[in-house]
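Heads up, the thing below is written out as structure tokens.
Each chain gets a letter, A, B and so on, in the order its sequence line appears, and its residues count up from 1.
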Protein chains: 2
Amino acid sequence: MTGQPLATDVFSAISAPARRAILSRLATSEMPMQKLAESFDMSLPAVSQHLAVLKGAGLVSVRKAGRQRIYKLNAGPLEDVANWVQEYEKFWTGKMAALGDYLKENP
Amino acid sequence: MTGQPLATDVFSAISAPARRAILSRLATSEMPMQKLAESFDMSLPAVSQHLAVLKGAGLVSVRKAGRQRIYKLNAGPLEDVANWVQEYEKFWTGKMAALGDYLKENP
DNA sequence: CGAACATTTAAGTGATTGCTTAAGTATAAT
DNA sequence: ATTATACTTAAGCAATCACTTAAATGTTCG
């Protein structure tokens with residue numbers, strides 16, 4: 001058995017700039033490989049492989065249409081990233097609030 | 001010249017689970033390597049190397065205190081991640097709103 | 001059917017990663 | 001000064017990565 005989709009972590013899926021670029025492109029609209037690949041200075045297999053990783057992370061879905069494969073953004077898993085980063089948001093937005101709290105408790 | 005800090009991309013800095021764990025640990029409080037390393041099932045050099053990557057991404061800062069190095073979270077660069085992911089937020093939160101808008105414009 | 005097309009899978013490669021152990025460098029304690 | 005402490009840097013290694021070209025797999029069209 002050669003094996004299935006091979007689930008990848010969403011964080012490492014988005015770590016490659018090329019893959020973020022692909023997501024960004026798909027955010028405008030779903031499209032077939034061919035058209036998607038036009039945007040990038042990369043061989044078709046390279047794009048296909050990136051897509052496989054994104055698919056493994058659940059970030060894109062594919063639909064067959066004749067001999068084409070239409071790729072579509074599936075942003076759902078990015079919510080994990082949003083939730084993760086939100087935990088740290090207080091460290092940069094809360095600076096003033098934190099100072100206020102400190103001064104309140106240490107007048 | 002062996003070279004400087006070597007700036008790393010914040011996205012790849014946070015792609016490694018070990019590094020996210022380190023950030024999480026540092027979010028509770030700043031601490032010296034020694035104490036930080038206790039939390040992990042990893043050699044000291046391994047932690048040190050992860051820290052170097054995080055430092056390269058500007059996610060931690062170091063301060064010398066005697067022979068110790070006190071590491072401190074610097075969440076600032078995570079704002080880039082937050083901003084990036086926010087661009088996609090509409091794709092999972094806005095489903096209903098988007099449908100509403102669509103129906104409004106295409107009654 | 002056979003040729004053209006859209007895409008994936010395979011195979012190979014150089015670079016990078018995540019770790020390890022061993023050796024170095026600074027600072028502090030005796 | 002010597003030795004212990006707290007770390008970093010170096011060297012090495014197996015695994016993974018991001019690509020490439022070449023070959024294979026559907027799928028449509030003439």
B/Arg19 side chain to B/Ile14 backbone, donor-acceptor under 3.5 Å: no
Okay, side chain of B/Tyr88, backbone of A/Glu79: is any donor-acceptor separation there less than 3.5 Å? no
Quick one: what's the B/S/- string for nucleotides 22-30 of chain D, heavy-atom cutoff under 4.0 Å, read 5' to 3'? B----BBS-
Just by distance, do the side chain of A/Thr93 and the backbone of A/Glu89 share a donor-acceptor pair under 3.5 Å? yes
Rounded interatomic separation in angstrom, taking NZ from B/Lys55 and C1' from D/dT9: 12 Å
Are B/Leu23 and B/Val81 linked, directly or through intermediate hydrophobic residues, by side-chain heavy-atom contacts shorter than 4.5 Å (ILVMFWY only)? yes
Is the phosphate of D/dC17, meaning OP1 or OP2, less than 4.0 Å from a side-chain N or O of A/His50? no
Salt bridge (charged side-chain N to carboxylate O under 4.0 Å, His left out) partners of B/Asp80, counting only residues at least two apart: none
Under the salt bridge (charged side-chain N to carboxylate O under 4.0 Å, His left out) test, which residues partner B/Arg67, sequence neighbours left out? none
Expressed in angstrom and rounded to an integer, what is the separation of B/Asp41 atom CG from C/dG18 atom C1'? 14 Å
Sub-4.0 Å heavy-atom contacts from residues 30-38 of chain B onto DNA chain D, ordered by number: B/Pro32, B/Met33, B/Gln34
What pairs of donor and acceptor atoms, side-chain ones from residues 25-34 of chain B against any protein atom, are under 3.5 angstrom apart with sequence neighbours left out?
unit_1	atom_1	unit_2	atom_2	d
B/Arg25	NE	B/Ser39	OG	2.5
B/Thr28	OG1	B/Arg25	O	2.8
B/Glu30	OE1	B/Arg63	NH2	3.0
B/Glu30	OE2	B/Arg63	NH2	2.4

Looking at A/Ser48, I'd like to know whether one of its side-chain N or O atoms comes within less than 4.0 Å of OP1 or OP2 on C/dT8. yes
B/Asp9 CG - C/dT17 P separation (whole Å): 11 Å
Candidate list A/Leu51, A/Val60, A/Leu44, test side chain to side chain contact (heavy atoms under 4.5 Å, CB included), partner A/Leu36, passing option: A/Leu51
With heavy atoms under 4.0 Å as the rule, sort B/Tyr71 into base, sugar-phosphate or nothing. sugar-phosphate
Could you identify which residues of residues 13-26 of chain A place a heavy atom less than 4.0 Å from some atom of DNA chain C, listed by residue number, or say none? none
Identify the two heavy atoms, one from A/Ala13 and one from A/Ala57, that lie closest to each other, and give their separation to 0.1 Å. CB-CB, 3.7 Å
For atom CG of A/Leu44 and atom C1' of C/dA10, their distance in whole Å: 16 Å
Decide if atom CG of B/Asn83 counts as having more than 12 heavy atoms of other residues, nucleotides or ligands within a radius under 6.0 Å. yes
Are any non-hydrogen side-chain atoms of A/Leu78 and B/Trp84 less than 4.5 angstrom apart? yes
Got a donor-acceptor pair under 3.5 Å from the side chain of B/Gln49 to the base of C/dT20? yes
What is the distance, to the nearest angstrom, from the CG atom on A/Leu51 to the P atom on D/dA18? 14 Å
